[in-house]
Amino acid sequence: MAKQLTLGKNERLKSRKGIEQLFKEGKKMIVAPYRVLYILEKSAKGSSLLFAAAVSAKSFKNAVDRNRIKRLTREAWRLQKNDLKKKTESANIQLNVFLIYTGKALPEYKEVFTKVGAVLNQLEKRVAE
RNA sequence: GCUACAAGCCAGGCUAUCGCUCCCCGCAUUGUGCGGGGGGAGGAAAGUCCGGACAGCAUAGAGCAAUGCACCGGUGAAGAGCCGGGUUUCGCGUAAUGCGGAAACAGAUAGUGCCACAGAAAAUAACUGCCUUCUCCCUCUCCGUCAGGAGAGGGUCGGGGUGAGGCUGAAAAUGUGAGGUAAGAGCUCACAGCUUUUGAUGGUAACAUCAUUCGCGGGUAAACCUUGCAUGCUGAAAUGCCACGUAUAGUACCGUUUUGAGGGCGGCUCGCCCAAGGUACAGGGUAGGCAGAUUGAUCCCGCAGGGUAACUUGGGGGACAGAUAAAUGAUAGCAUUAACCCGCCUGGGCCAAGGCUUCGGCGGGUGAAACAGAAUCCGGCUUAUCGGCUUGUAGCUUUU
RNA sequence: UGACCCAUGGUGUAAUGGUAACACUACUGAUUUUGGUUCAGUCAUUUAUGGUUCGAAUCCAUAUGGGUCAA
């Protein structure tokens with residue numbers, strides 16, 4: 001059980017090409033403080049669920065605050081993402097997700113946890129379709 | 001004990017659970033996974049204001065331009081940094097010596113520009129004023145042959161002499177006194193101030209003191225500028241290598257032995273050298289990995305020596321982030337500093353009483369929260385910063 | 001990471017080192033039965049702090065905020 005709650009290098013979206021494709025062709029949806037970009041592809045290679053997070057430097061001037069939001073977002077994703085991952089694996093679909101925090105105030109961990117859970121629920125519905 | 005200032009240090013701790021990244025070992029294993037062990041943000045990592053290391057390109061030479069710096073000595077790899085000294089200046093203070101701070105601190109007789117308002121005038125004269133044995137006019141007196149002459153006084157314009165009297169301003173031609181003159185003026189003299197030359201003494205030097213000598217020509221160079229010195233340009237998105245991949249591919253223009261496009265040359269010109277391809281537009285491909293790259297002018301010391309100090313020599317000691325859409329985190333609990341809240345006790349004050357207020361003590365409860373995140377590395381500077389500890393200085397208070 | 005630029009009323013712009021100007025907006029008053037038009041007036045610590053200068057929006061230094069460029 002403990003093994004499954006990981007978020008290593010191979011589960012994060014790291015390639016510049018993948019991100020540019022996501023911004024060009026990906027679909028958008030907005031969940032509370034997050035703007036979500038995602039793209040679905042058949043025939044997954046490697047991990048079937050890739051994830052990245054970002055915060056605008058305009059709304060948070062200090063690097064400390066941006067780092068904290070990204071860390072909280074990653075933590076919430078890490079703890080809740082497994083159900084979605086099982087579905088994508090079983091459907092043999094690759095799903096790339098990019099979360100952008102657009103709020104103006106520093107969030108609490110609990111808030112982030114529930115919001116990321118909502119994002120995951122939405123994505124599960126899209127995957128089911 | 002409290003308060004203020006200065007210097008130095010620290011920048012929350014422990015436990016559990018779940019995670020991230022790098023290195024080593026073992027096992028499985030080509031990609032990687034699992035297990036064990038170890039390392040993992042700062043005093044400013046920030047701003048990017050200076051200086052370097054390092055790398056690439058350039059490096060026959062000359063001139064011009066551009067940029068920066070500017071008292072002296074030291075320090076250091078270097079600097080617009082730091083340390084010490086000098087000078088000027090500001091504040092405080094004394095009978096006096098002083099104490100503390102600040103300074104882009106070369107040149108204003110090399111030249112040009114600017115100096116609002118006010119003022120006669122802002123640098124060179126004019127205006128006004130003063131003087132005039134110049135000219136003209138008027139009045140008075142005297143002489144006189146009734147043409148005029150002499151003397152005195154006064155006046156306007158013009159000519160000549162004079163230069164700081166004009167008081168406005170931030171700033172007015174060094175100040176005071178005397179002489180001198182038709183009137184005046186450093187024109188002359190005395191004293192004082194500033195400044196130049198030369199010399200002596202002290203000091204490594206800046207400079208100081210004394211003597212001598214030439215002068216007194218406003219301010220502004222953080223206006224242009226002049227003098228001296230320095231500077232090749234570009235910055236890790238530099239740069240080198242490997243892999244993948246496309247169109248041996250289109251259009252226009254310039255040029256190809258001498259008449260030479262362009263390049264070296266990335267500030268410009270001359271000059272030198274190389275030179276057969278070059279420029280623009282449109283389009284296509286890649287955007288992965290490794291090195292650079294983490295041990296270096298590194299840091300520390302109840303050490304020893306040198307130096308006023310910055311700093312340095314020797315010795316010893318252990319320590320050392322390396323991510324790359326970018327790690328160092330999340331949650332829970334415990335104890336606790338400051339702070340806050342509640343209750344009790346004692347003393348003081350107000351008060352008829354009830355009660356209110358305050359210093360201190362005891363008990364209980366809440367309770368980590370400053371500025372801020374490495375991105376090639378290093379030395380400085382600047383800015384942000386809750387709070388704590390140590391040392392020193394000053395003031396107040398208490399006890400002995 | 002590196003290089004560079006800007007900041008003036010509420011907004012957009014001016015201003016040789018010498019009284020901070022103009023347009024629009026807002027507000028107040030006058031004119032009008034009322035509104036509009038028109039007229040008059042009000043609204044600036046020139047981002048901040050220091051320095052140079054007799055004098056700084058302007059020149060210099062440092063900081064703050066905003067923006068641009070470089071694969």
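The chains referred to below are lettered A, B, ... by the order of the sequence lines, with proteins before strands, and numbering in each begins at 1. FYI, side chains are in, hydrogens and waters are out, and symmetry mates aren't considered; it's all heavy atoms of this structure. What you are looking at is a predicted structure, and each value in this text was computed from that prediction instead of being measured.
- Using the Watson-Crick or G-U wobble rule with both distances under 3.5 Å, B/C146 pairs with nothing in any strand shown.
- Applying the 4.0 Å criterion to OP1 and OP2 of B/A326, one finds that A/Arg74 has a side-chain N or O inside that range.
- Checking side-chain atoms of A/Gln122 against main-chain N and O of A/Val31 turns up no donor-acceptor pair under 3.5 Å.
- Between A/Asp65 and A/Lys110, the one whose closest nucleotide on RNA chain B sits nearer the 5' end is A/Lys110.
- As rounded to the nearest Å, B/C207 and B/A190 have P atoms that lie 31 Å from one another.
- Across all strands shown, the partner of B/G91 is B/C99, judged by Watson-Crick or G-U wobble contacts whose two distances both fall under 3.5 Å.
- Residue contacts shown for A/Arg66 are absent, as no nucleic acid heavy atom lies under 4.0 Å away.
- Anti is the classification of B/G314, since its glycosidic angle lies more than 90° from 0.
- Rounded to a whole Å, the CZ atom of A/Phe113 is 10 Å from the C1' atom of B/U331.
- Proximity of A/Arg12 to the phosphate of B/A326: a side-chain N or O atom is located under 4.0 Å from OP1 or OP2.
- Annotation: B/A66 and B/G217 have their P atoms spaced 35 Å apart (nearest Å).
- Checked against the 6.0 Å centroid criterion, the rings of A/Tyr34 and A/Tyr101 qualify as a close aromatic pair.
- Using the Watson-Crick or G-U wobble rule with both distances under 3.5 Å, B/A173 pairs with nothing in any strand shown.
- The CG atom of A/Leu79 sits 11 Å away from the C1' atom of B/U17 (whole-angstrom rounding).
- The phosphate of B/U328 (OP1 or OP2) has a side-chain N or O of A/Arg71 nearer than 4.0 angstrom.
- For the C1' atoms, the distance linking B/U181 with B/G161 amounts to 12 Å, nearest Å.
- Computed from coordinates, the A/Lys70 NZ to B/U324 P distance equals 13 Å when rounded to whole Å.
- By the rule that a glycosidic angle within 90° of 0 means syn, B/A46 does not qualify and counts as anti.
- The C1' atoms of B/A282 and B/A249 are separated by 12 Å, rounded to the nearest whole Å.
- Per the geometry, OH belonging to A/Tyr109 stands 12 Å off C1' belonging to B/U17, to the nearest Å.
- Linking ILVMFWY residues whenever their side-chain heavy atoms come closer than 4.5 Å, directly or via other members, places A/Val112 and A/Met29 in the same cluster.
- Across all strands shown, B/A280 is found opposite B/U251 as a Watson-Crick or G-U wobble partner, with both distances under 3.5 Å.
- Across all strands shown, B/C344 forms a Watson-Crick or G-U wobble pair with B/G361, both key distances being under 3.5 Å.
- Between the CH2 atom of A/Trp77 and the P atom of B/A325 there is a distance of 19 Å, given to the nearest Å.
- Pairing for B/C356 goes to B/G349, judged as Watson-Crick or G-U wobble with the two contacts each under 3.5 Å.
- Taking the C1' atom of each, B/G166 and B/A126 are spaced 15 Å apart, rounded to whole Å.
- When rounded to the nearest whole Å, the span between CG of A/Asn67 and P of B/G40 equals 20 Å.
- Across all strands shown, C/U68 pairs with C/A3; the Watson-Crick or G-U wobble distances both stay below 3.5 Å.
- Look at the P atom in both B/G8 and B/G84: the space between them is 14 Å, to the nearest Å.
- Across the C1' atoms, B/A173 and B/G165 are found 15 Å apart, a figure rounded to whole Å.
- Glycosidic conformation, B/G186: syn, with the torsion inside 90° of 0.
- Distance check on atom C1': B/A77 versus B/C82 gives 15 Å, rounded to whole Å.
- In this structure, A/Gln80 contributes its side chain and A/Ala76 its backbone to a donor-acceptor pair below 3.5 Å.
- Following rounding to the nearest Å, A/Leu37 (CG) and B/A325 (P) show an atom-to-atom distance of 18 Å.
- Side-chain nitrogen and oxygen atoms of A/Arg68 include at least one within less than 4.0 Å of the OP1 or OP2 phosphate oxygen of B/A330.
- Cluster annotation: A/Val55 and A/Tyr109 are assigned to the same hydrophobic cluster (Ile/Leu/Val/Met/Phe/Trp/Tyr, side-chain heavy-atom contacts under 4.5 Å, transitive).
- Both distances falling under 3.5 Å, in either a Watson-Crick or a G-U wobble arrangement, place B/C14 opposite B/G333.
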